[in-house]
Amino acid sequence: MEKTMDQRPRIIVDGVRKDFLLRHTHSLKEAFVARIQRKNAAPTTFQALDGVSFEVGEGESVAVLGLNGSGKSTLLKLVSGVLEPDAGTVLTRGRVAGLIEVGAGFHPDLSGRENVYLNAAILGMNEAETDARFDDIVAFSEIGEFIDQKVKHYSSGMFVRLAFSVAIHVELDVLLVDEVLAVGDAPFREKCTKKIKELAEQGKTMLIVSHSLGMVKDLCDRGVVLRKGKKIFDGPVDEAIKALQG
Amino acid sequence: MTTEDLTGFQTPGRGRGILDIFRWHYLLRLLIRKGTSTRYRNSVLGWTWSYVKPAAQFLVYYFVMGVILQFHKDIPNFAIYLFSGIVVINLFNEAFGNATNSIVDNRALVKKIYLPRELFPIAAIIGALVHFLPQIAILLFVCLLVGWVPSFAAIGAFLLGMIIILAFSLGLGLFFGAFNVRYRDAQNFVEIIKMLSTWTAPVLYGWAMVQATLPAWAFHIYMVNPIAVAVEYLHYAFWDPTVENGAGFPPHMMWYTVGALVFSAVMIAIGQLTFRRLERGFAQDL
Ligand SMILES: Nc1ncnc2c1ncn2[C@@H]1O[C@H](COP(=O)(O)OP(=O)(O)O)[C@@H](O)[C@H]1O
Ligand SMILES: [Mg+2]
């Protein structure tokens, strides 16, 4: 799809660093003792991301590649606002929605219907927007008449389908996908991939993390490769996959 | 691409604090409804418990303090006096306690999706208010039995008391809720405050006794405590009209009210600032 009107990027990541505390404690006393002993202790922080910069343009689909622990999820959480960088800036334009961990807001003692409304609201939708999409959400999830049953009586497959369906129907400009495409059974996975492709064709901007390189190739033109928190490659997705393996 | 036009760009994860409840009022409503509709899950009697518990509490206090120990024969209708104070303490303890735990309890969400985190303590406090209504119903019922008639003064005093106690709970709840994410020690502070709340307000005794024992300056401090002020307003609303000559307000009640309101506002400001500071670490510390 051609880029229209606004040529500016949707996501700007500029010199971002993210540190995590290594041994953190929930006890005030232990934290106090650790503070006093700090001088002769090993480093207490771990750099999950270090000086990462890139931009994602309007309508672009970019894969974030890297081995386990290389900082992919951390990067997506910074873009979604769940985490804040310790240095550098992250900027986004438009509505950002994350398929980061679907179903996080589901409550087992509420019905499917109530959970749809609650989770749509958690993802930033209002009542009218949810009403307008409700039938599509239920249809996509293939839940059928179970929609009015409590979610705790769902099979795990049904649960995942409904959660995913809500997340994918959120009104958005930028979609963040982190591994969730590994959920559900094969036909449903295929359906999800198709839906994400559809969104890409509509000109939505995407940042995708997936272990399935086939899917990455299918969905994205460009790849950013992370290794131990540093960006080591940014370019066409085929070359990015080579950089990852090399 | 260094000199770009950045209008329309946002920094992810920066809300506007408690003011976000206006923009996110729909989600807030759903979160409150979730809390109220799942409160008595798997329970046969459900909301009846919300009536049974305060009624039992009332009866115990009444018989033990009033009938057996014969406390306060100087306070007529002691049962109503007691109960109108206790409901304030119950509301405070529940609102403040729930708000403190709200972030940790919602960790699944806080760790994965960004939304203004202030929504959780606020939803917890409004949920506590909903749960408080059955207690007010019981109090009203008992009051009506002994000939209480509603008046504008009573309703005004009741509402003012509510505002003070909820504002104070919100301030403390934001502060300890944020603190609790990092250090679970917060829960112990909260337990102590909850325990003290009953004894630092004229609930089990009258303010006149305190005035008679404490020096003037100490009594002033005792009375600007928002819990004490709220308790006095509820006494005024529910207990005073049911007795011949009630205790009335302590002298300088207006100043105590202003003091309690200012104190609560300052607590909200401190709570919000602390919350904003610590919020940056919520997702990674949980
Ligand atoms: N909340 C956290 N506290 C401490 N360390 C963390 C936290 N989240 C992630 N990490 C660490 O940061 C590194 C990067 O994690 P992540 O971004 O999840 O990697 P990926 O998604 O690429 O597998 C890992 O070593 C992980 O252990
Ligand atoms: Mg990951």
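In what follows, every chain begins at residue 1, and chains take the letters A, B, ... in the order their sequences are listed. Computed from a prediction, not measured in an experiment: that's the story for all the values here.
- Residues B:Q10 and A:G94 approach most closely at OE1-O, 3.8 Å, considering heavy atoms.
- Comparing A:L123, A:I122, A:N126 by heavy-atom pairs within less than 4.5 Å of chain B, the highest count is held by A:I122.
- Checking side-chain atoms of B:R280 against main-chain N and O of A:P85 turns up a donor-acceptor pair under 3.5 Å.
- Counting heavy-atom neighbours within 6.0 Å of A:K152 NZ, excluding the residue itself, gives a total above 12.
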Please walk me through it: do A:L21 and B:Q284 pass side chain to side chain contact (heavy atoms under 4.5 Å, CB included)?
CA-CA 9 Å; A:L21 284 177; B:Q284 65 209 52; 5.9 Å; no
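- Under 4.0 Å is where a charged nitrogen must lie from a carboxylate oxygen, and between B:R14 and A:E84 at least one such pair does.
- Atom-to-atom distance recorded for A:L118:CG and B:L27:CG is 7.0 Å, nearest 0.5 angstrom.
- Minimum heavy-atom separation, B:P12 to A:S80: CB-C, 4.0 Å.
- Counting heavy-atom neighbours within 6.0 Å of A:K230 NZ, excluding the residue itself, gives a total of 12 or less.
- Annotation: B:Y222, atom OH; neighbour count of heavy atoms from other residues, nucleotides and ligands within 6.0 Å is above 12.
- With a threshold of 4.5 angstrom between heavy atoms, A:K150 does not approach chain B through any atom at all.
- Side chain of A:D109 to backbone of B:T38: no donor-acceptor contact under 3.5 angstrom is found.
- Of the two parts of B:R33, neither the backbone nor the side chain holds a non-hydrogen atom closer than 4.5 Å to a non-hydrogen atom of chain A.
- Only the backbone of A:D19 comes within contact range of chain B, judged by heavy atoms closer than 4.5 Å.
- The nearest pair of heavy atoms linking B:Y26 to A:A121 is CE2-CB, 3.7 Å.
- Atom CG of residue B:D285 and atom CZ of residue A:F20 lie 10.0 Å apart, to the nearest 0.5 angstrom.
- The line from OG1 of A:T89 to CZ of B:F9 is 11.0 Å long, rounded to the nearest 0.5 Å.
- Closest non-hydrogen pair, B:K111 versus A:K77, comes out as O-CE, 3.7 Å.
- Interatomic distance, CG of A:N119 versus CG of B:L30, reported as 10.0 Å (0.5 Å rounding).
- Proximity to chain B (any heavy atom under 4.5 Å) is shown, for A:V90, by both the backbone and the side chain.
- Of the atoms belonging to A:L78, it is backbone heavy atoms, and not side-chain ones, that fall under 4.5 Å from chain B.
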